[in-house]
Amino acid sequence: MGLKQLEDVTYFRLNNEINRPVNGQIMLHKDKEALDAFFKENVEPNSMVFDSIRDKIDYLIKQDYIETAFIKKYRPEFLEELYQFIKDQNFQFKSFMAAYKFYNQYALKTNDGEYYLESMEDRVFFNALYFADGNETIAIDIANEIIHQRYQPATPSFLNAGRARRGELVSCFLIQVTDDMNSIGRSINSALQLSRIGGGVGISLNNLREAGAPIKGYEGAASGVVPVMKLFEDSFSYSNQLGQRQGAGVVYLNVFHPDIIAFLSTKKENADEKVRVKTLSLGVVVPDKFYELARKNEEMYLFSPYSVEKEYGVPFNYIDITEKYDELVANPNIRKTKIKARDLETEISKLQQESGYPYVVNIDTANRANPVDGKIIMSNLCSEILQVQEPSLINDAQEFIKMGTDVSCNLGSTNVVNMMTSPDFGRSIRAMVRALTFVTDSSHIVAVPTIDHGNSQAHTFGLGAMGLHSYLAQQLIEYGSPESIEFTSIYFMLMNYWTLVESNNIARERGVTFHNFEKSDYANGSYFDKYVTGEFVPKSDRVKELFEGIFIPTATDWAELRDKVKADGLYHQNRLAVAPNGSISYINDVSASIHPITQRIEERQEKKIGKIYYPAAGLSTETIPYYTSAYDMDMRKVIDVYAAATEHVDQGLSLTLFMRSDIPTGLYEWKSENKQTTRDLSILRNYAFNKGIKSIYYVRTYTDDGGEVGANQCESCVI
């Protein structure tokens, strides 16, 4: 029998009854009924059954569903032992949405799509074997973390691990373009190649000369960044993964680039079709100097990247504009134009209100917090990856004279709710580091040599978190309260500590550190200065209670770790980043990322089934007051929570701002209509900057008609 037709099912109807209150009561029990019906009507009759795990493995290998090599690294007896261990954990999906998402998006199916070949236990089994790379102890540890949903690999890793016909284990990348035709051509090819494999791509255009700049001495010859943006957009549209999904990219431009107004205008609804970009995302790189000039209501100078590079001998990306601003203004050899800083600030706010763009990277904040040698110049499609890059030099034959370094995003996420009941928090994190290390070691994007080169030198990953609001609500703690901020700080401090411990262990085992470790703040020990004070321990009684039984490193523990790192190094250049984690939060049945929920009962439009209703995890009469929607929350509370995590995260956090178009946010005294204004957004961006926030992702606005602006999210980077 093939997969049951949707019109025959009852699970869809049962799930929809959640949205039909009876006597004023939400029918939450209907979700459990829908879950049971889904297994009875869909999963069980349409799952291929095998007598043993050995029989299943033999079948999957013979039919070219899974690889052979990683299976052969283990004893046959161990395969049975591991599978039995996973089965003994008695995993159960907690919601209809969780099960539906897994079987629809992650479970291996027969080639004709008629039968399921995997359960959740099977996918965990293959993930653990694949990431452990033959080490039986690590395989058990990884399986233990995933099956208890303390750890969730990002979608590309979780989906593809062990499969014979698979995509890449990473699907998010950063590349930069330098100011020459060879680099532009090579970058467009890179975008085509990365989009072909399902990648979301961040692209820095800061180095490109502005419209009207000279080319070979001919004034007015340069076309600027907008035509290049169109080329990239067309590349992503063309290379669309066999027509199944549109490619996705974001382009970043510095606010001091002369094309900044034209850049922002490409996303306006009334933009001319010749310049309008419909599917390409926009991000702005914002140095501290911009905030200063806007605060003082002064004019700002925009500097020609061509003349800056000619004068200083380095691409525009690598000039510290805040430090060099007055020098650039005074230098007659630097071409420059003037605009009002607040006019640009207003343009950014208007566009965010209209479209959700641009993303914002506070580049000086990111670089001040950067502990490794080099400069961060941009971010990715979800604004949480902040890693150093180096430019390439390319000749006319499209060969590398000097190979630069670009970035691939190797992601995974902790589940806050389940991590707080881990038998051993540290062991859990160390197992996750081992899984992520395998991914970075085995990822080779040879079609884009700069990404492969960067990955091979840096060995980076980005471990994040999801379910923060779920955990806080279930503990009857208000999101944004002092207790929630303190909890967030301690939780991320622990993630930082244990990822450092395991990265140091791996460096010691292998005798290998990341490139230029000796030039980092880890090597000289200064990175640990704030931790050896002993300041980062629970202080309030409530937070002490939450972390009772969980090891909290003391100043002495941090000092010992510092000395070990100075002696043996770290294997990974970067370790922490908080992505939006959309799909994986559903199968974990927790709130996405560390931001608040948007609806207590979320309504999702699924292509194959229609509307699905997803109640917030643990929603009950007791927890309802603590499940405040992000749209009904003062965004400064969200920023405060993110700031607490940011202090311990070496990369970034994908921070979304949620606004309403029909009610005031309370940020200042209202003098006109009862509407969100551009001033709200300016105040929030400045508040975030002053709180040490490194980046802002979308601005999502809930409109009068119940829709959302800025709600479209990239499947490639929303892990």
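Side-chain atoms are counted along with the backbone in the values below, which use heavy atoms only and exclude waters and symmetry mates. We're numbering straight along the sequence, starting at 1.
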>> If we ignore hydrogens and angles and just use 3.5 Å, is the side chain of N127 paired with the main-chain N or O of R123 as donor and acceptor?
In response: yes

> So do R700 and L657 actually touch side chain to side chain, heavy atoms under 4.5 Å?
Replying inline: no

> Taking NZ, NE, NH1 and NH2 as the nitrogens, is one of them in E145 or R427 under 4.0 Å from a carboxylate oxygen of the other?
Replying inline: no

> With ring centroids as reference points, do Y531 and F536 lie under 6.0 angstrom apart?
Replying inline: yes

>> Apply side chain to side chain contact (heavy atoms under 4.5 Å, CB included) to residues K694 and L653 and explain how you reach the verdict.
In response: CA-CA 8 Å; K694 299 174 186 175; L653 300 89; 5.9 Å; no

>> Looking at R636, is its backbone amide N or carbonyl O close enough to the side chain of D634 to form a donor-acceptor pair, meaning the two atoms are under 3.5 Å apart?
In response: yes

> Do the charged groups of E545 and R542 touch, with an N to O distance under 4.0 Å?
Replying inline: yes

>> Give me the atom names and distance for the closest heavy-atom approach of P287 to V255.
In response: CD-CG2, 3.7 Å

>> Can a side-chain donor-acceptor contact be found between T155 and Y106 if the only test is distance below 3.5 angstrom?
In response: yes

> Is a side-chain donor-acceptor pair under 3.5 Å present for D589 with S95?
Replying inline: yes

>> Using only atom types and a distance under 3.5 Å, with no angle test, would you say the side chain of D650 pairs donor to acceptor with the backbone of P371?
In response: no

> Relative to each other, are the rings of F38 and F96 parallel, tilted or perpendicular (30° and 60° limits)?
Replying inline: perpendicular

> Does one side chain, of T678 or T346, offer a donor that lies under 3.5 Å from an acceptor on the other?
Replying inline: no

>> Under 3.5 Å, is there a donor on one side chain and an acceptor on the other for H572 and T460?
In response: no

>> Any non-hydrogen side-chain atom of I693 less than 4.5 Å from a side-chain atom of I639?
In response: yes

> Is the backbone N or O of F492 less than 3.5 Å from a side-chain atom of N496, with the two atoms forming a donor-acceptor pair by type?
Replying inline: no

> Are K101 and R604 side-chain neighbours, meaning at least one heavy-atom pair lies under 4.5 Å?
Replying inline: yes

> What do you reckon, is CD of E622 surrounded by more than 12 foreign heavy atoms closer than 6.0 Å?
Replying inline: no

>> Can you tell whether the side chains of R368 and D364 come within less than 4.0 Å, N to carboxylate O?
In response: no

> When you measure from the side chain of S695 to the backbone N and O of S383, does any donor-acceptor pair fall under 3.5 Å?
Replying inline: yes

> Angle class for the F93/F39 ring planes (parallel below 30°, perpendicular above 60°, tilted otherwise)?
Replying inline: tilted

> Looking just at side-chain N and O atoms, do S629 and T598 make a donor-acceptor pair shorter than 3.5 Å?
Replying inline: no

>> Main chain of Q352, side chain of S355: is a donor-acceptor contact present, judged purely on distance under 3.5 Å?
In response: no

> Can Y627 and H469 be said to form a side chain to side chain contact (heavy atoms under 4.5 Å, CB included), step by step?
Replying inline: CA-CA 8 Å; Y627 268 126; H469 196 184; 4.0 Å; yes

> Between N574 and Q651, does any side-chain donor sit less than 3.5 Å from a side-chain acceptor?
Replying inline: no

> Should F547 and L494 count as side-chain neighbours, where that means a heavy-atom distance under 4.5 Å?
Replying inline: yes

> Have Y357 and Y698 got a donor and an acceptor in their side chains that come within less than 3.5 Å?
Replying inline: yes

>> Any side-chain to backbone donor/acceptor pair from R600 onto L619? Under 3.5 Å, distance only.
In response: no

> Can you name the nearest heavy-atom pair linking N362 to F689, along with the distance?
Replying inline: ND2-CA, 4.0 Å

> Is the backbone of I26 close enough, under 3.5 Å, to the side chain of K30 for a donor and an acceptor to pair up by distance?
Replying inline: no

>> Checking Y687 against D640 for the side chain to side chain donor-acceptor pair (under 3.5 Å) test, could you report, in this order, the C-alpha distance in whole Å, the side-chain angles of both residues, the deciding distance, and whether it holds?
In response: CA-CA 9 Å; Y687 184 79; D640 290 344; 2.7 Å; yes

> Could you go step by step and tell me if R685 and Y291 meet the side chain to side chain donor-acceptor pair (under 3.5 Å) rule?
Replying inline: CA-CA 9 Å; R685 287 198 306 275; Y291 289 101; 5.6 Å; no

> Using 4.0 Å as the upper bound for N to carboxylate O, is an ion pair formed by K268 and E347?
Replying inline: yes

>> Set out, in order, the CA-CA distance, both residues' side-chain angles and the distance that settles ring pair (Phe, Tyr, Trp, His ring centres under 6.0 Å) for F658 and H595, then state yes or no.
In response: CA-CA 10 Å; F658 300 87; H595 61 63; 5.4 Å; yes

> For the atom pair CZ (F173) and CD1 (I203), what is the distance rounded to the nearest 0.5 Å?
Replying inline: 12.5 Å

> Is there any side-chain hydrogen bond (donor to acceptor under 3.5 Å, both in side chains) pair reaching into residues 486-495, and which pairs are they, with sequence neighbours excluded?
Replying inline: T414-Y491, E486-S540, S489-H648

> Between F461 and V439, is a side chain to side chain contact (heavy atoms under 4.5 Å, CB included) present by the stated rule, with each step listed?
Replying inline: CA-CA 9 Å; F461 63 85; V439 175; over 6 Å; no

> Do L463 and I429 come close enough that some side-chain heavy atom pair is under 4.5 Å?
Replying inline: yes

> Between N418 and Q149, does a side chain to side chain donor-acceptor pair (under 3.5 Å) hold up when you go through it step by step?
Replying inline: CA-CA 7 Å; N418 296 331; Q149 295 193 311; 4.6 Å; no

>> Can you tell me how the ring of Y614 sits relative to the ring of Y586, calling it parallel under 30°, perpendicular over 60° and tilted otherwise?
In response: perpendicular

> Are any of the side-chain heavy atoms of N380 and C409 separated by less than 4.5 Å?
Replying inline: yes

>> Taking NZ in K94 as the centre, count heavy atoms belonging to other residues, nucleotides or ligands within less than 6.0 Å. Is the count above 12?
In response: yes

> Would you find a donor on one side and an acceptor on the other, under 3.5 Å apart, between the side chain of S157 and the backbone of P153?
Replying inline: no

>> Can you tell me how far apart CD1 (I594) and OG (S413) are? Round to the nearest 0.5 Å.
In response: 10.0 Å

>> Could you check whether any side-chain heavy atom of S593 comes within less than 4.5 Å of a side-chain heavy atom of V578, counting everything from C-beta outward?
In response: yes

>> Nearest 0.5 angstrom please: K267 NZ to L280 CG, how far?
In response: 6.5 Å

> Rounded to the nearest 0.5 Å, how far apart are CZ of R295 and OG of S682?
Replying inline: 14.0 Å

>> For a side chain to side chain contact (heavy atoms under 4.5 Å, CB included) check, start with the C-alpha distance between N19 and K611, then their side-chain angles and the critical distance, and finish with the verdict.
In response: CA-CA 10 Å; N19 198 46; K611 288 183 179 178; over 6 Å; no

> Does the side chain of Y100 reach to within under 4.5 Å of the side chain of I612, using non-hydrogen atoms?
Replying inline: yes

> Is it true that F487 and Y471 have ring centroids separated by less than 6.0 Å?
Replying inline: yes

>> Is it true that S591 and S470 share a donor-acceptor pair across their side chains at a distance under 3.5 Å?
In response: yes

>> Keeping D632 on the side-chain end and T628 on the backbone end, is there a donor-acceptor pair under 3.5 Å?
In response: no

>> Less than 4.0 angstrom from a charged side-chain N to a carboxylate O is my criterion; do E548 and K544 meet it?
In response: no

> Does the pair R150/D424 count as a salt bridge with the N-to-O cut at 4.0 Å?
Replying inline: no

> Which is it for N686 and E345 under the side chain to side chain donor-acceptor pair (under 3.5 Å) test, yes or no, and what are the steps along the way?
Replying inline: CA-CA 10 Å; N686 278 271; E345 184 178 54; 3.1 Å; yes

